[in-house]
Each structure stands twice: as C-alpha cells, then as structure tokens.
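So the structure is just underneath, and the comments pick up after that.
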Amino acid sequence: MRRYECLTNDSSLASVIYVPFYAGLDLGRYLWGFNTSVRDSGSIELLKWLMKKPEWKNMWGTDHFFVVGRTTWDFRRLTRNDSDWGNNLMFMPQVKNMTILGFESIPWIYRDFAIPYPTNFHPSNDNQVFAWQNKVRRHERKYLFSFVGAPRPKQGDSIRGEIIDQCLGARGKCKWLDCSLNGNCDNPTYVMEMFQNAKFCLQPRGDTPTRRSTFDSILAGCIPVFFSAETAYTQYMWHLPKNYTKYSVFIPEDAIKYGTANIENVLSRIQEGEVFAMREEVIRLIPKIIFANPMGRLGTFEDAFDIAVKGVLKRVEKIRKVMKRASA
C-alpha cells in the first residue's frame, strides 16, 4: 500500500481511506484461551480512534476500507459467550459502513469482498510473469487429476473421504498428496509439483468453503474442479470470470456424496480441445490472482492488489454519487 502510485497525505483529496489495521494478526493473538472482552478489545480501540478523526465525519466511514487477512467467519461472533469462536468486529456499528477485504466473504453482504489467498509467487516484473506462464503452459501433465489435502473424517458433511477413495481407485490417473502426513503441504515445492503434473485439481471445501489451494492450482496452470459454488464462484467477483465454465469444472457435492458422479468419468469426457482452452484461460488468470513483489513493478499486468484497490475505488465512488443525489 505504501508503494501505491496514487497515495496522498491530504485526506480531503482522497477518494478512499485505507485503514492500516491488521485485524487477523490482532485476533490471532487471542483466539485460544482468552475471553470475548480481550478478543474484542483491539477492534474497539481502533474504532474509538477512527471516530475521532476528521476523515471519518466526511462519509461516516463509508469511504474507509481495511483488510482482515482471514476469512470473514473469524470476525462474526454472535454472542458474548467465551466458548464462541472469534470476535465481533464485523457486527460493530461503525464497521457496517466500511468496505472489508478478506480471503472469504459473505456474498449477500455488499461490503464484504473476497480477495485471493496469497501464493508463493511474487514476481518483480512482467518478464517473470511471462516466463512462469510459459513454464506451466509447456509442462507435461502425467495425471488426469490430483488432490492436495487431508481427509476430514470428523466433519460430517465433508466429501473428502469420497474424493480420496475415487482418486485412489482411478488406476493411476489421479495423484493424492496427503496433508495429514509429515507436513508435506507446508512445502510449496511438493504442492506445485502436484498441481503442475495434473490437468485438473480437485478443490473440495475444508473448514470453510474457500481454499488457498484454488489459487495454487491456477498458478500451476491446473484447471480447478469445484464442488460448491461458494468455493470460488460467489466469492472472487473482482478477480475471477463470471463465466466459470471458461476456467473450471463444477461437480455438485451431492453427486459425490451419493455416488451419482464419478470424477474420472466426468473429466475424461471433456474433449482435449476444451481442456486446452480452459488451461489457457487459467494461465491468463495468473497475473490477476498473484500479489507482485512491492519492490518491483508490473507494467503490462494488474495483479490482485491492483484489482482489489480498483474494486474499492469503484464501489466508494458509486456510494458517493448516491449520497450526493440524496442530499441534492
């Protein structure tokens, strides 16, 4: 943000106000073993401070935005019971005027916007992006599909068990990297090798619908396969195409759960020409879902940061116009 080319120190000239509050880091200190008062304290202090600032009174926070760095659910505690998860930042009255960016949003709340999970690729210039795109475009893909993740036997609605069974039974056409063993998935080299070696990458929901793995697979040029619309289609409205059939495959969760869909059969029926077109679309998406190295500069591309800031600017400008018409 400090290197954004359109910054001003004069708030009267600013189209939007960025609030440098690291909500995820603040909450992360107190998630376990602390009562709700402690978990809420940082957010309360922030809002007290903000309300005293002259910038706040211009639009009562409607032109302010911040990034939470976690999924929205961590900030939506409904009660004051210490046993309930997270804090209540999203329910504080002042925050309801602001624009919030996080890794997972609630799509029907139009102030909550999802941005991509960071990958491990942070290019400093366009040439590094072009080189990476060419690398994944040329990569030989030995497997029809792959899955990177751990089983969730205690999660009643999870379809990961069925997905793993189908992968293991796919006669060498699928590769599974078990994230419950030896920290394999903490090593980006293993993860990227898995995704680069497969044509399709399975993206079932985990603790919440969204997954960082979605963006790792796009970075690898691997076509994501979704089982819930909430994993991507209703989330990343600024960063991913509305026509999701151009870059992904959708198989309903229930079809996996009740055994009416076989992943290998579904993917094998897709013609090679269509697979090629989808992969090209995925590769074109790479610049939009990465966060470039802030010490460098992309010239040809807009990265995930650029797109997110542009989305906030457009949203606040629409609100500003509505407020002007209402006061005229």
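These values consider heavy atoms only, across backbone and side chains, with no hydrogens, waters or symmetry-generated copies.
- Between Tyr18 and Phe66, the distance from one ring center to the other does not fall under 6.0 angstrom.
- Checking side-chain atoms of Asn35 against main-chain N and O of Ser37 turns up a donor-acceptor pair under 3.5 Å.
- In this structure, the side chain of Trp73 does not engage the main chain of Glu104 through any donor-acceptor pair within 3.5 Å.
- In this structure, Phe291 has its ring center no closer than 6.0 Å to that of Phe305.
- One hydrophobic cluster, built from ILVMFWY side chains closer than 4.5 Å, holds both Leu219 and Phe145.
- The minimum heavy-atom distance linking Ile163 with Pro204 is given by the pair CD1-CB, 3.5 Å.
- Between the side chain of Arg77 and the backbone N or O of Gly86, at least one donor-acceptor pair lies under 3.5 Å.
- With a 6.0 Å cutoff to the six-membered ring centre and a 45° limit on the axis angle, Arg284 does not count as a cation-pi contact of Tyr247.
- In terms of hydrophobic clustering, with Ile, Leu, Val, Met, Phe, Trp and Tyr side chains grouped at heavy-atom distances under 4.5 Å, Met98 and Ile319 are assigned to different clusters.
- Side chains of Val148 and Cys185 form a contact here, defined as non-hydrogen atoms less than 4.5 Å apart.
- Using a 4.5 Å heavy-atom cutoff, the side chains of Thr72 and Ile100 are not in contact.
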| task | Apply side chain to side chain contact (heavy atoms under 4.5 Å, CB included) to the pair Leu46 and Val19, showing each step before the final yes or no. | result | CA-CA 9 Å; Leu46 165 78; Val19 180; 3.9 Å; yes

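- Atom CZ of Arg137 has more than 12 neighbouring heavy atoms from other residues, nucleotides or ligands inside a 6.0 Å radius.
- There is no path of hydrophobic side-chain contacts, each under 4.5 Å, that joins Phe195 to Phe147.
- With contacts defined as side-chain heavy-atom distances shorter than 4.5 Å, the pair Phe21/Trp49 does not qualify.
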| request: Evaluate salt bridge (charged side-chain N to carboxylate O under 4.0 Å, His left out) for Lys175 paired with Glu193, printing each intermediate quantity in order. | output: CA-CA 11 Å; Lys175 185 75 171 175; Glu193 283 180 357; over 6 Å; no

| task | Test salt bridge (charged side-chain N to carboxylate O under 4.0 Å, His left out) on Asp216 and Arg211 and set out the steps. | result | CA-CA 9 Å; Asp216 286 335; Arg211 302 188 76 208; over 6 Å; no

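- Counting only distance, with no hydrogens or angles, the side chain of Glu162 and the backbone of Gly259 share no donor-acceptor pair below 3.5 Å.
- Looking at Asn120, its side chain never comes within 3.5 Å of a backbone N or O of Pro188 through a donor-acceptor pair.
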| request: Mind running side chain to side chain contact (heavy atoms under 4.5 Å, CB included) on Phe91 and Arg76 for me, showing each step along the way? | output: CA-CA 7 Å; Phe91 293 123; Arg76 293 185 174 278; 3.7 Å; yes

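- Side-chain atoms of Arg160 do not come within 3.5 Å of backbone N or O of Pro153 as any donor-acceptor pair.
- Annotation: Phe301 is in aromatic contact with Phe130 [ring centroid separation under 6.0 Å].
- Residue Ser43 comes nearest to Asn87 through the heavy atom pair OG-ND2, 3.7 Å, listed as atom of the first residue, atom of the second, then distance.
- Under a cut-off of 6.0 angstrom, the local environment of CG in Asn9 is sparse, with at most 12 non-hydrogen atoms contributed by other residues, nucleotides or ligands.
- Residues Ser180 and Pro151 come closest through the heavy atom pair OG-CD, 4.2 Å.
- Side-chain contact between Pro294 and Arg2 is absent, with no heavy atoms from C-beta onward closer than 4.5 Å.
- The minimum heavy-atom distance between Ser146 and Cys174, with the atom names listed, is CA-SG, 4.1 Å.
- At a threshold of 4.5 Å between non-hydrogen side-chain atoms, the residues Gln235 and Pro107 count as touching.
- Between Val136 and Arg141, some side-chain heavy-atom pair lies under the 4.5 Å cut-off.
- Using a distance-only test at 3.5 Å, with no hydrogens or angles considered, no donor-acceptor pair links the side chain of Arg111 to the main chain of Asn97.
- A donor-acceptor pair under 3.5 Å is formed between the side chain of Gln128 and the backbone N or O of Ser124.
- Residues Leu47 and Met92 meet the side-chain proximity criterion, which asks for heavy atoms closer than 4.5 Å.
- Under a 3.5 Å cut-off, the side chain of Ser268 and the backbone N or O of Asn265 do not form any donor-acceptor pair.
- The hydrophobic cluster containing Leu240 also contains Trp238, counting ILVMFWY residues as joined when their side-chain heavy atoms lie under 4.5 angstrom apart, directly or transitively.
- Val16 and Val95 sit in two unconnected hydrophobic clusters of ILVMFWY residues. Membership requires side-chain heavy atoms under 4.5 Å apart, directly or through other members.
- Remark: Ser158 OG to Glu253 CD distance equals 8.5 Å, nearest 0.5 Å.
- The CD atom of Gln166 sits 9.0 Å away from the CG atom of Leu202 when rounded to the nearest 0.5 Å.
- For the atom pair Ser15 OG and Lys314 NZ, the distance stands at 13.5 Å (nearest 0.5 Å).
- Applying the side chain to side chain contact (heavy atoms under 4.5 Å, CB included) test between Thr210 and each of Asp207, Thr214, Thr208 identifies Thr208 as the sole match.
- Between the CE atom in Met194 and the CG atom in Leu177 there is a gap of 5.0 Å [rounded to 0.5 Å].
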| said: If you apply the rule side chain to side chain contact (heavy atoms under 4.5 Å, CB included), what do you find for His139 with Asn197, and how did you get there? | reply: CA-CA 7 Å; His139 204 285; Asn197 284 329; 3.0 Å; yes

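- Counting heavy-atom neighbours within 6.0 Å of Met1 CE, excluding the residue itself, gives a total above 12.
- Distance check: Leu13 CG to Thr8 OG1 gives 5.0 Å after rounding to the nearest 0.5 Å.
- The two residues Gly149 and Trp176 have their closest heavy-atom pair at O-NE1, 2.9 Å.
- When all heavy atoms are compared, the tightest approach of Leu267 to Leu144 is CB-CD2, 4.0 Å.
- By the neighbour-count criterion of 12 heavy atoms within 6.0 Å, atom NZ of Lys57 is densely surrounded, having more than that number from other residues, nucleotides or ligands.
- In this structure, Asp82 contributes its side chain and Thr36 its backbone to a donor-acceptor pair below 3.5 Å.
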| task | Report the C-alpha distance between Ile17 and Met59 in whole Å, list the side-chain angles of each, state the deciding distance to 0.1 Å, and finish with yes or no for side chain to side chain contact (heavy atoms under 4.5 Å, CB included). | result | CA-CA 11 Å; Ile17 307 290; Met59 294 178 67; over 6 Å; no

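- Within the 4.5 Å cutoff, no side-chain heavy atoms of Phe34 are placed close to those of Arg29.
- When only modelled atom types and interatomic distance are considered, Thr62 and Arg320 share no side-chain donor-acceptor pair under 3.5 Å.
- Partner of Tyr236 under the ring-ring contact (aromatic ring centres under 6.0 Å, His included) criterion, chosen from Phe103, Phe113, Phe215, Tyr117: Phe215.
- Side-chain contact check for Ser248 and Tyr233: at least one donor-acceptor pair (N or O, by modelled atom type) lies under 3.5 Å.
- The CG atom of Leu285 lies 11.5 Å from the CD1 atom of Ile290; values are rounded to the nearest 0.5 Å.
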